[in-house]
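When reading the values below, keep in mind they use all heavy atoms of this one structure, side chains included, and skip hydrogens, waters and symmetry mates. Small disclaimer: the values here were computed from a predicted structure and weren't measured. Read the numbers this way: they start at 1 and go in the same order the structure lists the ligands and their atoms.
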Amino acid sequence: MNVNIKQRFQEILGTDRVLETEPMSKHTTFRIGGPADLFVAPENTDEIKKLIAICKEEEVPYFILGNGSNLLVSDKGYRGVIIQLYRSFGQITLKENEIHAQAGALLSGIAAMAREASLTGFEFAGGIPGTLGGAVVMNAGAYGGEMKDVLKEVTVLTPEGEIVTLQAGELQMGYRTSIIKEAGYIVLEAVISLKKGDQDEIKSRMQELAGMRSSKQPLSYPSAGSTFKRPEGYFAGKLIMDSGLRGYQVGGAQVSEKHCGFVINTGNATAKDVTTLMADVQRIVMEKFGVKLEPEVKFLGDF
Ligand code: FAD
C-alpha cells in the first residue's frame with residue numbers, strides 16, 4: 001500500500017479511524033469479501049472532500065460504500081480505498097413534509113421518522129437494508145414504490161470536487177439505475193418529500209410489508225437481496241425455480257430454497273462460489289427459456 005496516503009489520511013482522521021487490510025466480509029450483508037487496503041468512514045463533507053482529493057493526488061482508486069447490501073466483493077479484496085458513508089454520516093431531520101438526510105442514513109431510520117411524523121409514501125422502503133446514498137444510486141424499490149417517487153433533490157460531490165444540488169428529475173432514475181455512478185457523483189444528502197397521512201395506516205402498512213418480507217425472503221441467511229434484475233415480462237426467481245435450480249449449490253453459495261431470486265451464503269461461501277453459481281444459473285435459464293438474466297448485485301475487485 002502507498003504509505004504516503006495512509007499518513008495523509010491519518011493527519012485528517014487520526015490513526016484510529018484509518019483501517020488497514022480491513023476484511024470486506026465485515027461490511028457486506030453477503031458476509032463475503034477479502035481485505036481492502038484502506039478503509040475509512042468520514043463524518044462530514046469536508047473530510048470526504050479531503051480524502052477524495054488525496055486519493056486523486058496519489059492516484060489510488062477509491063470506492064464509495066454504503067451498507068454493502070447490494071455488493072459482492074472479490075475474495076482478493078480491493079486494492080484501493082473504501083470510503084464508507086454509513087452511520088457516522090447518517091443524520092436525519094424533519095422539515096414539515098420533508099425528510100432531509102445524509103447519505104449514510106439507513107432507509108429503516110428514515111421510514112421510522114416518517115411513521116412518527118405521520119408522513120406517508122416511504123412505507124415501501126422501510127425493509128430495504130441500505131443507506132439513502134445506495135438507494136438513490138440504485139433507485140431502490142419494492143412493493144410498487146421506488147426512490148424516484150419520493151425523492152425531491154440530491155446534493156452530490158462532483159468529480160471536479162464541487163458540491164451541487166440536483167433535482168430528482170435530472171438523475172435519469174430508471175429500474176435500479178440512475179446517472180449517479182456513470183457521472184462519478186458521490187451522494188452527500190437528499191431530500192425526501194412525503195405527504196401527511198394517517199399514522200395507524202402507515203404503521204400497519206409497514207408491518208404488513210415486513211411480514212411479507214420475512215415470510216417470502218431468506219432473511220436468516222447472509223445475501224445481497226435479489227441477485228438478478230427482473231427481466232422484462234418475467235420474474236427472475238420464477239425462471240430460476242422453473243429451471244429446476246431451487247437449492248442449487250456451489251460451495252457455500254446456494255439458490256435460496258425459500259426464494260429462488262436470492263443467492264444466499266450458507267456459512268462459508270466465497271465470492272468465487274457466488275460468481276460460479278450465478279454463471280451456471282444464467283446459462284441454464286438462457287438454455288431453458290432464452291432469457292438473459294442481468295446481475296442486480298454490484299461487483300467490486302478482481303474476479
Ligand atoms: P451498497 O451496497 O453499499 O452500494 C451499492 C452501490 O451504490 C455501489 O455501487 C456503491 O458504490 C454505490 N453507493 C453507495 N452509497 C453511495 C453514495 N453515497 N454515493 C455514491 N454511490 C454510492 N433493493 C431494492 O431495491 N429493493 C428491495 O426490496 C431490496 N431488498 C433487499 C433485501 C435484502 C435482504 C438485501 C440484503 C438487500 C436488498 N436490496 C433491495 C438491495 C439493497 O439493499 C439496495 O440496493 C440498497 O439500496 C443498497 O444500499 P447500500 O447502502 O447497501 O449500498
Has [X] got more than 12 heavy atoms of other residues, nucleotides or ligands less than 6.0 Å from its [atom1]?
X      : atom1 : result
Gln91  : CD    : no
Lys216 : NZ    : no
Phe303 : CZ    : yes

Between ligand 1 and the protein, give all atom pairs where both partners are nitrogen or oxygen and the distance is under 3.5 Å, as lines of names plus distance to 0.1 Å.
residue: ligand 1; atom: 2 (O); partner: Ser69; partner atom: N; Å: 3.1
residue: ligand 1; atom: 2 (O); partner: Asn70; partner atom: N; Å: 2.9
residue: ligand 1; atom: 3 (O); partner: Gly66; partner atom: N; Å: 2.8
residue: ligand 1; atom: 3 (O); partner: Asn67; partner atom: N; Å: 3.4
residue: ligand 1; atom: 3 (O); partner: Gly68; partner atom: N; Å: 2.8
residue: ligand 1; atom: 9 (O); partner: Lys181; partner atom: NZ; Å: 3.1
residue: ligand 1; atom: 11 (O); partner: Ile64; partner atom: O; Å: 2.6
residue: ligand 1; atom: 11 (O); partner: Lys181; partner atom: NZ; Å: 2.7
residue: ligand 1; atom: 15 (N); partner: Gly134; partner atom: N; Å: 3.4
residue: ligand 1; atom: 18 (N); partner: Val187; partner atom: O; Å: 3.1
residue: ligand 1; atom: 19 (N); partner: Val187; partner atom: N; Å: 2.9
residue: ligand 1; atom: 25 (O); partner: Gly141; partner atom: N; Å: 3.0
residue: ligand 1; atom: 25 (O); partner: Gly141; partner atom: O; Å: 3.4
residue: ligand 1; atom: 25 (O); partner: Arg176; partner atom: NE; Å: 3.4
residue: ligand 1; atom: 26 (N); partner: Gly141; partner atom: O; Å: 2.6
residue: ligand 1; atom: 28 (O); partner: Arg213; partner atom: NH1; Å: 3.4
residue: ligand 1; atom: 28 (O); partner: Arg213; partner atom: NH2; Å: 2.9
residue: ligand 1; atom: 30 (N); partner: Arg213; partner atom: NH1; Å: 3.2
residue: ligand 1; atom: 43 (O); partner: Ser69; partner atom: OG; Å: 2.7
residue: ligand 1; atom: 47 (O); partner: Ala135; partner atom: N; Å: 3.4
residue: ligand 1; atom: 51 (O); partner: Asn67; partner atom: N; Å: 2.9
residue: ligand 1; atom: 51 (O); partner: Thr131; partner atom: N; Å: 2.8
residue: ligand 1; atom: 51 (O); partner: Thr131; partner atom: OG1; Å: 2.6
residue: ligand 1; atom: 52 (O); partner: Asn67; partner atom: N; Å: 3.4
residue: ligand 1; atom: 52 (O); partner: Gly68; partner atom: N; Å: 3.3
residue: ligand 1; atom: 52 (O); partner: Ser69; partner atom: N; Å: 2.8
residue: ligand 1; atom: 52 (O); partner: Ser69; partner atom: OG; Å: 2.6

- Query: Do you reckon Leu19 sits in the same ILVMFWY cluster as Leu38, going by side-chain contacts under 4.5 Å, direct or chained?
  - Reply: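 No; Leu38 is not reachable from Leu19 via cluster members.
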- Identify whether Val297 and Tyr175 are in the same connected component of the hydrophobic contact network (ILVMFWY, side-chain heavy atoms under 4.5 Å).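 No, no single cluster joins them.
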Name each donor-acceptor pair under 3.5 Å that joins a side chain in residues 62-75 to protein atoms two or more places apart or in another chain, with its distance.
residue: Asn67; atom: OD1; partner: Tyr86; partner atom: OH; Å: 3.3
residue: Asn67; atom: ND2; partner: Pro129; partner atom: O; Å: 2.8
residue: Ser69; atom: OG; partner: Pro129; partner atom: O; Å: 3.3
residue: Asn70; atom: ND2; partner: Glu296; partner atom: O; Å: 3.3
residue: Ser74; atom: OG; partner: Lys76; partner atom: N; Å: 2.9
residue: Ser74; atom: OG; partner: Asp302; partner atom: O; Å: 2.7
residue: Asp75; atom: OD1; partner: Ala271; partner atom: N; Å: 2.7
residue: Asp75; atom: OD2; partner: Ala271; partner atom: N; Å: 3.3
residue: Asp75; atom: OD2; partner: Lys272; partner atom: N; Å: 3.1

